[in-house]
Undergrad: 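What follows is a structure written as structure tokens; I'll ask about it next.
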Amino acid sequence: MLHCLAVLSSPNTLSCPKLHETSNGTTVWTSYDKSSLLYNFNSPSELKQVQALLIKTSTPLSVLPLSRVASVCAFSSSFPHAQKIFHCVNKPEVTVWNGCLRSFAESSSPFDAILLFCQLRKYDVLPDSFTCSYVLKACVQLLDLLHGRNVHDYMEKLGFQSNLFLQNMIVHLYASCGKIGDAKLLFDKMHQRDVVTWNIMITQFAKRGDINAASQLFKQMPERSVRSWTAMVAGFVQCGKPKEAIELFMEMEGAGLRANQVTVVAVLAACADIGALDLGRRIHEYSNRSGYQRNVRICNTLIDMYIKCGCLEAARVVFENMDERTIVSWSAMIQGLAMHGQAMEALELFSKMVQTGTKPNGVTFIGLLHACSHMGLVEKGREFFVSMSRDYGIAPRIEHYGCMIDLLSRAGLLEEARQFIKNMPLKPNAVVWGALLGGCRVHNNIELAEEAIVHLNELDPHNDGYYVVLSNIYANAKKWENAAKVRKLMRDQGVKKTPGQSSITVAGLVHEFVACDESHPQVKEIYASWENLLQQLRLKGYVPNTSVVLLDIEEAEKEKILYHHSEKLALVFGIINTPPGETIRIMKNLRVCEDCHAAFKLISDVVNREIVVRDRNRFHCFKNGTCSCKDYW
DNA sequence: GTAGGGTTAG
């Protein structure tokens, strides 16, 4: 039988739903307008209108969407009214509120879940374990320790001490709110733990930089899931131990476990850090085979990995093939172009990004400012610095000031850079003064360098890099007594110069070299080859630049040191051990030295090879006698 | 219907 309900009170807002009696005698809606007030009431008073309509038409209350009833009445005096409705339709009250709590906890304002939880207590609704889990979820989202502790106390009263789910959430809450000690106490006291409990503790210790504690737990845990291995691999990466991350990943593979999407991100990040291109490529293939191509975070990490391994083109391919890009994808690509000295391309990419409607963030501007400073685009850099706050409401952070000082000082605008530091609203840090010092090295300004070092001596007294630069400036001006004083200062403060170290991967094996290295098995061959190459370089006009050697010693001695710089040894090793024409990739822990830079340009021509060098700041791609940095670095 | 992980810079 079909009933057609008359629209009674409000013909404009209530459409005409139809009731249908089914064969077993129950009555259901068969046709209705989803936009009707019946399903879209927005306030307790509209709800009451709907109820009036239902009563007039003898329609059961059970047709009401109860979750909507709950959310409309959650924060008003109609709370008891909603309770009555749930009671009438025989629906366990707490389950309806739980649904509501869950959606609040997962919404953009999780605090609503906490408010609703307070309402439940006020109106004597007895929470169950699900109620607690949803409100705890909100507390974790908000890092709200105060309410979290409250819920914890209440849970104890309710007797949920042995609920493993909730215990795990509490441990997670304390740890993520910075109370790792409290979390560990709870963890130690727990009568029962599962793999999730252990994973939470491992992740949180690693997040707080205590990789040893994480590692210890990982060794102790009775059983490990892929997530446990992943937490540990990611932990090593976060704590600046990419080598350990890769070793552990290999062990995980050896144990026959398959990497999931998060493992892939962690391993790729480790590859990016140490420039492990071969492994990175293998993981990329594995990721594609596993169907992870559409995972944005994996794509973003792939872009970063290829960039940091010197394969700008491969990064571009990944970027171009993404159907959906986030601000991270664009920022990573912009930063990559900057590192490779392609400033104009970085700026063009930024314009494209803005055209697609993606809003930049603070990191995007760091990339843009890097691009400008690596290529000397002073005016563009100034524009970006103004634009970031004016057009995008992003307040410059200390890193942005650091980039600006770097930009100005490299370009030789040292006095302006100094004024910029004086006028900045933030307290200048070591990076800022270090940038000024770097500019002084390029432009041989002793006076300003001495001013910078006073601040650096205070802000970061154990960083050897700054003293080395100052000593370099003195040596360059042949002020040997001053250079000696700097070295004495270093000795007095117990600061040692970080030895230059270069590495190259051949046939999957990493070969590391330090200056004047004699430990490599092929050392004789390398030195002989270098002598040979040197003859050819001299014919091309190479003159050794001994001013980069800090010591006041004989020229011949200086040349010998210069010829055995780690990057030169790595390069010669690469030339001997790879087929002609193959690109040689070298990684250096410090900045590439000026003499090596000049030599590499000529060598790229002599041996007809592309040589890609990643130093601590950027990439140099040597090809046909020139470098991609256009000698501005 | 409840718990644990990941990306750009620094």
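Each chain gets a letter, A, B and so on, in the order its sequence line appears, and its residues count up from 1.
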Undergrad: Short of 4.0 Å, heavy atom to strand atom, which residues of residues 311-327 of chain A count as contacting DNA chain B?
TA: none
Undergrad: Measure the acute angle between the ring planes of A/Phe75 and A/Phe104, then classify it against the limits of 30° and 60° as parallel, tilted or perpendicular.
TA: parallel
Undergrad: For a quick check of understanding: with a heavy-atom distance under 4.0 Å over all strands, which category does A/Ser228 fall into, base, sugar-phosphate or nothing?
TA: nothing
Undergrad: What's the separation between atom CZ in A/Phe319 and atom CG in A/Leu349, rounded to the nearest 0.5 Å?
TA: 5.0 Å
Undergrad: Considering only side-chain heavy atoms of A/Glu399, which listed nucleotide, B/dA3, B/dG1, B/dG10, is closest?
TA: B/dG10
Undergrad: Could you check which of B/dG1, B/dG10, B/dT8 has an atom nearest any side-chain atom of A/Arg102?
TA: B/dG1
Undergrad: To the nearest Å, give me how far apart CG (A/Asn361) and P (B/dT7) are.
TA: 15 Å
Undergrad: Side chains of A/Asn212 and A/Ser215 only: does a donor on one sit below 3.5 Å from an acceptor on the other?
TA: no
Undergrad: Among B/dG6, B/dT7, B/dA9, which nucleotide sits nearest the side chain of A/Val363?
TA: B/dA9
Undergrad: Please determine, for the side chain of A/Thr263, which listed nucleotide (B/dT7, B/dG5, B/dA9) has the closest atom?
TA: B/dG5
Undergrad: Roughly, in whole Å, what's the span from CZ in A/Phe236 to P in B/dG5?
TA: 18 Å
Undergrad: Can you figure out which of B/dA3, B/dA9, B/dT8 approaches the side chain of A/His370 most closely?
TA: B/dA9
Undergrad: State which residues pass salt bridge (Lys or Arg N to Asp or Glu O under 4.0 Å) with A/Arg616; sequence neighbours excluded, sorted by chain then number.
TA: none
Undergrad: Could you tell me the separation between the CD atom of A/Gln141 and the P atom of B/dG5, rounded to a whole number of Å?
TA: 11 Å
Undergrad: Return the value, rounded to whole Å, for the distance between atom CD1 of A/Ile307 and atom C1' of B/dA9.
TA: 13 Å
Undergrad: Rounding to a whole Å, what distance do you find between A/Met388:CE and B/dA9:P?
TA: 16 Å
Undergrad: Contact class for A/Thr203 vs. all strands (heavy atom < 4.0 Å): base, sugar-phosphate, or nothing?
TA: sugar-phosphate
Undergrad: For the residue pair A/Cys403 and A/Ile366, establish whether any side-chain heavy-atom pair is separated by less than 4.5 Å.
TA: yes
Undergrad: Let me have the donor-acceptor pairs involving side chains of residues 169-179 of chain A, under 3.5 Å, with sequence neighbours excluded, atom names and distances please.
TA:
residue	atom	partner	partner atom	Å
A/Tyr174	OH	A/His152	ND1	2.8
A/Ser176	OG	A/His172	O	2.7
A/Ser176	OG	A/Leu173	O	3.3

Undergrad: Can you measure from CD1 (A/Ile202) to OG1 (A/Thr197) and round to the nearest 0.5 angstrom?
TA: 10.5 Å
Undergrad: State whether A/Asp153 and A/Arg149 are salt-bridged, where the test is any N-O pair (Lys NZ or Arg NE/NH1/NH2 against Asp/Glu carboxylate O) under 4.0 Å.
TA: no
Undergrad: Would you indicate what A/Glu106 reaches in the nucleic acid, counting non-hydrogen atoms under 4.0 angstrom: base, sugar-phosphate, or nothing?
TA: nothing
Undergrad: Check for me: is A/Phe165 stacked on B/dT2 by the 5.5 Å centroid and 30° plane-angle rule?
TA: yes
Undergrad: With the side chain of A/Ser129 defined as its heavy atoms from C-beta on, choose the nearest nucleotide among B/dT2, B/dA9, B/dG5.
TA: B/dT2
Undergrad: When all nucleic acid strands are considered with a 4.0 Å heavy-atom cut-off, which category describes A/Arg227: base, sugar-phosphate, or nothing?
TA: base
Undergrad: Looking at A/Gln261, does any N or O in its side chain come under 4.0 Å of the phosphate oxygens OP1/OP2 on B/dT7?
TA: no
Undergrad: A/Gln335 has an atom CD; how far is it from atom C1' of B/dT7, in whole Å?
TA: 14 Å
Undergrad: Between B/dT2, B/dA3, B/dG6, which nucleotide gets closest to the side-chain atoms of A/Ser133?
TA: B/dT2
Undergrad: Rounded to whole Å, how long is the line connecting atom CG of A/Asn463 with atom P of B/dG10?
TA: 15 Å
Undergrad: At 4.0 Å (heavy atoms only), tell me whether A/Asp304 reaches a base, stays on the sugar-phosphate, or touches nothing.
TA: sugar-phosphate
Undergrad: On the side chain of A/Asn260, is there an atom forming a donor-acceptor pair with the base of B/dG5 - under 3.5 Å, no angle test?
TA: yes
Undergrad: Measure from the side-chain heavy atoms of A/Arg397 and tell me the nearest of B/dA9, B/dT2, B/dG5.
TA: B/dA9
Undergrad: If you check every side-chain atom of A/Met169, which of B/dA9, B/dT7, B/dA3 has the closest atom?
TA: B/dA3
Undergrad: Is the shortest side-chain N to carboxylate O distance from A/Arg316 to A/Glu345 below 4.0 Å?
TA: no
Undergrad: With distance as the sole criterion, do the side chain of A/Ser331 and the base of B/dT8 form a donor-acceptor contact below 3.5 Å?
TA: yes
Undergrad: Does the ring-ring contact (aromatic ring centres under 6.0 Å, His included) test come out yes or no for A/Trp433 and A/Tyr466, once each step is laid out?
TA: CA-CA 10 Å; A/Trp433 286 109; A/Tyr466 304 127; over 10 Å; no
Undergrad: Does a side-chain N or O from A/Lys207 land closer than 4.0 Å to OP1 or OP2 of B/dG6, or not?
TA: yes
Undergrad: Would you classify A/Asn163 as touching base, sugar-phosphate or nothing, given that sugar-phosphate means primed atoms plus P, OP1 and OP2, and contacts are heavy atoms under 4.0 Å?
TA: nothing
Undergrad: Looking for any heavy atom pair under 4.0 Å, which part of the strands does A/Ile298 touch: base, sugar-phosphate only, or nothing?
TA: base
Undergrad: At under 4.0 Å, does any side-chain N or O of A/Lys137 touch on OP1 or OP2 of B/dA3?
TA: yes
Undergrad: Classify the nucleic acid contact of A/Gln167 as base, sugar-phosphate or nothing, counting any heavy atom under 4.0 Å across all strands shown.
TA: nothing
Undergrad: Would you indicate which nucleotide in B/dG10, B/dG6, B/dA3 comes nearest to any side-chain atom of A/Val262?
TA: B/dG6
